[in-house]
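Taking it in order: structure first as structure tokens, then the write-up.
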Amino acid sequence: DAKTTQPPSMDCAEGRAANLPCNHSTISGNEYVYWYRQIHSQGPQYIIHGLKNNETNEMASLIITEDRKSSTLILPHATLRDTAVYYCIVRVPGSARQLTFGSGTQLTVLP
Amino acid sequence: DAGVIQSPRHEVTEMGQEVTLRCKPISGHDYLFWYRQTMMRGLELLIYFNNNVPIDDSGMPEDRFSAKMPNASFSTLKIQPSEPRDSAVYFCASSFGGRGGQETQYFGPGTRLLVL
């Protein structure tokens, strides 16, 4: 799996959009970008994934640059419950079953 | 769907005792994973199953750990005998592989194990 780089921490005001960046400059053509988060004392939670097109679901939007070397997870209206560690993972589906979580970004939503 | 269900949510036991953790995957999922999370080592994959068959158990720490999946809706992770260093949060996750599927792993709430 390609290596990813994320800022260690970010703050966001409640109600504002949270934009979490991820660099994956060595991503290969068949690797997808996955985002998970882990709220304190809970299991990791799947958020969204994509290959090259922007994706949106009920939780977030994923913007992948045209060269696919970086992406941004957007939480459109952050709430206090979105405070968590967010992980960006790059992998080929089916290539290796283990999800490898890096250090992630600690997002703190401030009231 | 209720999601991945794990029991117990918390377990406190004494060194040397047997511990059994249980997991019910999401219905229809054909992959099941057992992970362990500690502050020191982060999230580690212990073992995973495909269609109830263990595929990779290279992450199982030692012979004290064993895992079974007797049917598609149930799996156990057993530690016998338990040791203080086994204290961790154990997560079960499941996914649907499918043909060319983009499997996404869904995690349970975890079992917080403390071995005294």
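The sequence lines fix the lettering, A, B, ..., with proteins before strands; numbering per chain opens at 1. Everything numeric here is computed off the predicted structure, so don't read it as measured data. The figures here come from the full heavy-atom set of this structure, side chains too, leaving out hydrogens, waters and symmetry mates.
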So, A/H24 and A/S71: side-chain donor and acceptor under 3.5 Å apart, yes or no?
-> yes
Quick one: what part of B/Q6 sits under 4.5 Å from any heavy atom of chain A, side chain, backbone, both or neither?
-> neither
B/Y106 ring center near A/Y46 ring center (under 6.0 Å) = yes
Check whether A/S103 gets within reach of chain B through its side chain, its backbone, both or neither, counting any heavy atom under 4.5 Å.
-> neither
How about A/F101 and A/Y36: are their ring centroids closer than 6.0 Å?
-> yes
B/D30 vs B/N50 side-chain heavy atoms within contact, under 4.5 Å | yes
Given a strict heavy-atom distance threshold of 4.5 Å, which part of A/Q42 is in contact with chain B: side chain, backbone, both, or neither?
-> backbone
